[in-house]
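Atoms considered below: every heavy atom in the structure, side chains included; atoms not considered: hydrogens, waters and symmetry mates. Each chain gets a letter, A, B and so on, in the order its sequence line appears, and its residues count up from 1.
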There are 2 protein chains.
Amino acid sequence: MSTRSAEGVAVVHGEDELVARTGHLIAAATDVAFAATTLHTWRAARRAGEATGVVASEPPDGVRLRKIYLPNAALDPAAARDLARFCESHGASIRITTDDINDTMLIDRRIAILGGDPRAGRRTYSVITQPDVVAGVAALFDAVWRNATDLSDFDAQVAEIRDIAPQVLDLLSRGVKDEAAARSLGLGVRTYRRRVAELMSALGAESRFQAGVRARELGLV
Amino acid sequence: MSTRSAEGVAVVHGEDELVARTGHLIAAATDVAFAATTLHTWRAARRAGEATGVVASEPPDGVRLRKIYLPNAALDPAAARDLARFCESHGASIRITTDDINDTMLIDRRIAILGGDPRAGRRTYSVITQPDVVAGVAALFDAVWRNATDLSDFDAQVAEIRDIAPQVLDLLSRGVKDEAAARSLGLGVRTYRRRVAELMSALGAESRFQAGVRARELGLV
DNA sequence: ACGCGACTGGCAGGTTGTTGCCACCCCTCC
DNA sequence: GGAGGGGTGGCAACAACCTGCCAGTCGCGT
């Protein structure tokens with residue numbers, strides 16, 4: 001057994017151990033909140049839980065479920081559709097943030113689980129039960145939640161951008177002039193400029209500088 | 001004792017324990033590399049080491065010392081000067097990256113230390129000795145290192161930007177037209193446009209869209 | 001066939017942005 | 001005092017961008 005509890009913080013190694021320690025808590029929870037840096041972040045843990053039967057494959061009704069993702073998690077149309085479907089079928093709330101977040105899970109606001117570096121072999125998770133620390137993590141989560149964009153709003157915004165050739169974004173971010181950019185796409189300038197105007201509108205930008213900032217912020221370039 | 005070694009990964013809690021476990025290794029190391037998300041990241045650990053006398057307050061001569069920081073660590077002029085001084089007095093190499101990094105320390109490429117979430121109370125550190133994992137972390141570090149900008153180059157670039165009123169960046173990122181922006185700064189349009197042109201040059205941008213991307217990338221807006 | 005809607009691309013008028021020129025002002029130094 | 005350097009701001013020429021207009025093309029439906 002490679003976990004050790006000290007001062008309200010337990011560190012576990014890998015998803016199996018995480019489930020062994022927290023699976024029953026998650027299964028019985030009425031309020032679960034996740035912040036995930038990628039779509040896959042908590043997938044391994046969920047699979048481990050389902051395999052053992054500790055965690056149901058479908059969350060029970062009546063559980064308040066919130067998830068925060070980074071923009072790049074929802075930029076792919078298929079992923080965005082999956083997320084939207086999950087919202088509908090489970091009454092979950094999903095928001096997208098451009099703030100910096102770490103992989104975090106909050107269970108009933110009494111237990112916080114923080115994911116370690118996913119690149120360092122088997123992942124460590126810190127399971128925090130110390131009330132002050134949990135409260136601090138929860139407060140941070142709430143702050144990010146409040147500032148985040150609802151998935152449907154984000155998706156409406158990005159759906160428009162997605163339909164406009166990503167090549168336009170690439171050319172713009174390289175500082176290519178409109179005429180040269182149009183030529184390189186085999187378009188007329190008028191059409192290229194139409195695309196740029198649509199993109200600006202979708203980004204809610206009044207100027208090209210502002211559009212550049214927004215595009216980078218959203219992880220589009 | 002709250003550490004436990006398993007499969008070449010040991011997790012320690014707090015800087016005192018980190019020093020107890022690794023201080024002597026760091027003191028004897030000939031090649032130390034850090035990646036730090038903030039200027040303070042490894043400060044607590046160094047202080048703990050100095051307090052116990054395990055780690056010298058000045059790194060011994062002949063140690064290869066490399067540090068990678070995020071742009072926001074070097075945007076403050078005073079901080080940048082401190083970093084430059086450290087380079088000179090210790091023969092250290094410092095680079096700035098816009099890539100995503102985690103707090104990482106590499107000791108003689110045999111031991112990797114990864115910092116956990118700094119917001120979760122006492123910080124956990126994963127001390128990795130398992131060779132494959134260390135090699136993986138080292139490879140990631142090297143990739144980021146190669147792609148990073150030398151501190152002096154970065155500083156030269158940003159020094160220029162720093163001297164140009166940050167208000168210009170703010171106005172640009174809000175999409176304000178030149179004439180209105182100039183008026184709001186109490187400048188003539190010609191002068192405002194000089195500032196913008198200088199900024200564009202400092203950012204190495206050919207267009208305003210590109211400049212917006214770059215500015216965001218550097219954490220300037 | 002015809003009508004309609006959607007889209008393209010050239011053209012042109014207007015706006016915004018880029019930059020050189022030059023008069024003017026201020027400060028420092030001899 | 002004059003010379004020189006640095007900076008500002010108005011003006012203007014030019015380039016780049018924004019967008020309406022309209023002719024033409026294509027696809028679809030009746």
- Residues passing the side chain to side chain contact (heavy atoms under 4.5 Å, CB included) test with A:Ala84, sequence neighbours excluded, are A:Leu151
- Query: What pairs with A:Ser152 under side chain to side chain contact (heavy atoms under 4.5 Å, CB included), at least two apart in sequence or on another chain?
  - Reply: A:Asp150
- Note on the structure: Sequence neighbours excluded, the answer for salt bridge (Lys or Arg N to Asp or Glu O under 4.0 Å) partners of B:Arg85 is B:Asp82
- Query: Is a donor on one side and an acceptor on the other found under 3.5 Å between the side chain of B:Thr22 and the backbone of B:Leu25?
  - Reply: no
- Query: What pairs with B:Ala33 under side chain to side chain contact (heavy atoms under 4.5 Å, CB included), at least two apart in sequence or on another chain?
  - Reply: B:Arg66, B:Leu106, B:Phe141
- Which two nucleotides bound the region of DNA chain D that has atoms under 4.0 Å from heavy atoms of chain B, read 5' to 3'? D:dT8 to D:dC11
- Message: In this structure, how many angstroms lie between the P atom of C:dG10 and the OH atom of A:Tyr192, rounded?
- Response: 16 Å
- Is A:Arg195 near enough to C:dC7 that one of its side-chain N or O atoms lies under 4.0 angstrom from OP1 or OP2? no
- Message: Using the ring pair (Phe, Tyr, Trp, His ring centres under 6.0 Å) criterion, which residues pair with A:Tyr69? Sequence neighbours excluded.
- Response: none
- Message: Among residues at least two apart in sequence or on other chains, which ones pass side chain to side chain contact (heavy atoms under 4.5 Å, CB included) with B:Arg110?
- Response: B:Asp108
Output side-chain donor-acceptor pairs under 3.5 Å for residues 173-183 of chain A, partner residues at least two apart or in another chain, one line each.
unit_1	atom_1	unit_2	atom_2	d
A:Ser173	OG	A:Leu169	O	3.3
A:Ser173	OG	A:Asp170	O	3.0
A:Arg174	NE	A:Asp170	OD2	3.2
A:Arg174	NH2	A:Asp170	OD2	3.1
A:Asp178	OD1	A:Arg208	NH1	3.0
A:Asp178	OD1	A:Arg208	NH2	3.4
A:Asp178	OD2	A:Arg193	NE	3.0
A:Asp178	OD2	A:Arg208	NH2	3.0

- Item | B/S/- contact track for nucleotides 16-24 of chain C, protein heavy atom under 4.0 Å | SBBBBB---
